[in-house]
Amino acid sequence: MTSTAEGREVTALSPGDMTLTAAEELRDALSHHGIVADVHDGYGLALVSVWVDLIVWCRGDQFWWRTGWNPRQRRPVYARHPLDEPERAAYRVALRYAELRQTHPLPEPESASRVGHPL
């Protein structure tokens, strides 16, 4: 614990706690865009699982996520955003989410006529 100038005691957050807090803030900001996400943490970093091929990493002072593939260099391309701007990061992640929903839509539910019947 540390003391403020007013004499109040506050708990200092560890870097891992700050990372988890930022990931939770991003998850909450994504919910304002109608996106449900899960947060996982450990080993000083946190992950926000958003959709197929869309996981946001949170560590240090930034969020980062994969935005595509560079065929010439044969490696992924990443976007980055400051950890202290979860609302703006959520907007950018929501744009990527919309792209991925086009290429990875939810599967169609199995029709009632096929349920229980062999292929």
Side-chain angles (χ1 to χ4, degrees):
M1 290 214 183
T2 59
S3 296
T4 64
E6 296 83 27
R8 295 181 317 196
E9 287 191 8
V10 294
T11 303
L13 292 176
S14 71
D17 291 338
M18 290 187 305
T19 299
L20 176 58
T21 299
E24 291 170 339
E25 289 173 353
L26 177 62
R27 179 197 57 209
D28 295 345
L30 286 167
S31 73
H32 299 148
H33 294 276
I35 300 170
V36 177
D38 297 316
V39 173
H40 309 275
D41 75 310
Y43 303 101
L45 68 101
L47 305 175
V48 182
S49 178
V50 182
W51 192 251
V52 175
D53 289 337
L54 184 53
I55 297 172
V56 181
W57 298 70
C58 312
R59 187 172 189 180
D61 63 348
Q62 61 188 344
F63 298 108
W64 71 96
W65 61 96
R66 186 174 164 174
T67 60
W69 180 258
N70 182 326
R72 190 173 60 82
Q73 295 180 339
R74 297 188 312 175
R75 63 182 218 175
V77 177
Y78 291 93
R80 299 183 184 280
H81 200 90
L83 214 59
D84 61 353
E85 295 181 344
E87 291 290 337
R88 291 187 66 185
Y91 174 77
R92 294 180 64 201
V93 171
L95 293 175
R96 179 67 179 147
Y97 172 82
E99 291 174 5
L100 290 171
R101 286 293 304 259
Q102 297 295 314
T103 58
H104 299 291
L106 284 173
E108 292 292 323
E110 207 170 312
S111 70
S113 63
R114 290 190 49 141
V115 174
H117 294 285
L119 295 174

TODO: Please tell me if the side chains of His81 and Trp64 come closer than 4.5 Å, counting only heavy atoms from C-beta onward.
DONE: no
Open item on the list: Ignoring hydrogens, what is the shortest heavy-atom contact between Arg92 and Trp65? Give both atom names and the distance.
Closed with: CB-CZ2, 3.8 Å
Open item on the list: Please determine whether the number of non-hydrogen atoms from other residues, nucleotides or ligands lying under 6.0 Å from atom CH2 of Trp57 exceeds 12.
Closed with: no
Task: Residues that, via side-chain heavy atoms closer than 4.5 angstrom, fall in one hydrophobic cluster with Leu95 - done: Tyr91
Open item on the list: I'd like to check the side-chain contact (heavy atoms from CB on, under 4.5 Å) partners of Gln73; sequence neighbours left out, ordered by chain and number.
Closed with: Asn70, Arg75
Task: Distance (rounded to the nearest 0.5 Å) between Thr103 OG1 and Arg101 CZ - done: 10.5 Å
Open item on the list: For a quick test of reading the model, state the closest non-hydrogen atom pair linking Ala37 to Leu30 and the distance between them.
Closed with: CB-CD1, 4.2 Å
TODO: Return the set of residues passing salt bridge (charged side-chain N to carboxylate O under 4.0 Å, His left out) with Arg27 (not counting sequence neighbours), or none when no residue passes.
DONE: none
TODO: Indicate yes or no: at least one non-hydrogen side-chain atom of Val52 is less than 4.5 angstrom from one of Leu100.
DONE: no
Open item on the list: Which residues pass the salt bridge (charged side-chain N to carboxylate O under 4.0 Å, His left out) test with Glu99, not counting sequence neighbours?
Closed with: Arg96
Task: Contacts of Ala22 that satisfy side-chain contact (heavy atoms from CB on, under 4.5 Å) - sequence neighbours left out - done: Phe63, Leu83
Task: Reported CE-to-CG distance for the pair Met18 and Asp84, which is rounded to 0.5 angstrom - done: 11.0 Å
Task: Point-to-point distance, once rounded to the nearest 0.5 Å, from SG of Cys58 to CG of Leu45 - done: 8.5 Å
Task: Spatial distance of atom CG (Asp41) from atom CD (Glu24) [nearest 0.5 Å] - done: 7.5 Å
Task: Gap between atom OG1 of Thr67 and atom CZ of Arg80 - 0.5 Å precision - done: 10.5 Å
Open item on the list: Would you compute the distance between atom OG1 of Thr21 and atom CG of Leu26 and round it to the nearest 0.5 angstrom?
Closed with: 12.5 Å
Open item on the list: With heavy-atom distances below 4.5 Å as the criterion, would you say the side chains of Val93 and Leu54 are in contact?
Closed with: yes
- [ ] Indicate the atoms forming the closest heavy-atom contact of Gly44 with Arg59, along with that distance.
- [x] O-CG, 3.8 Å
TODO: Any chance you could pull the hydrophobic cluster mates of Tyr43, using side-chain heavy atoms under 4.5 angstrom and chaining through other members?
DONE: none
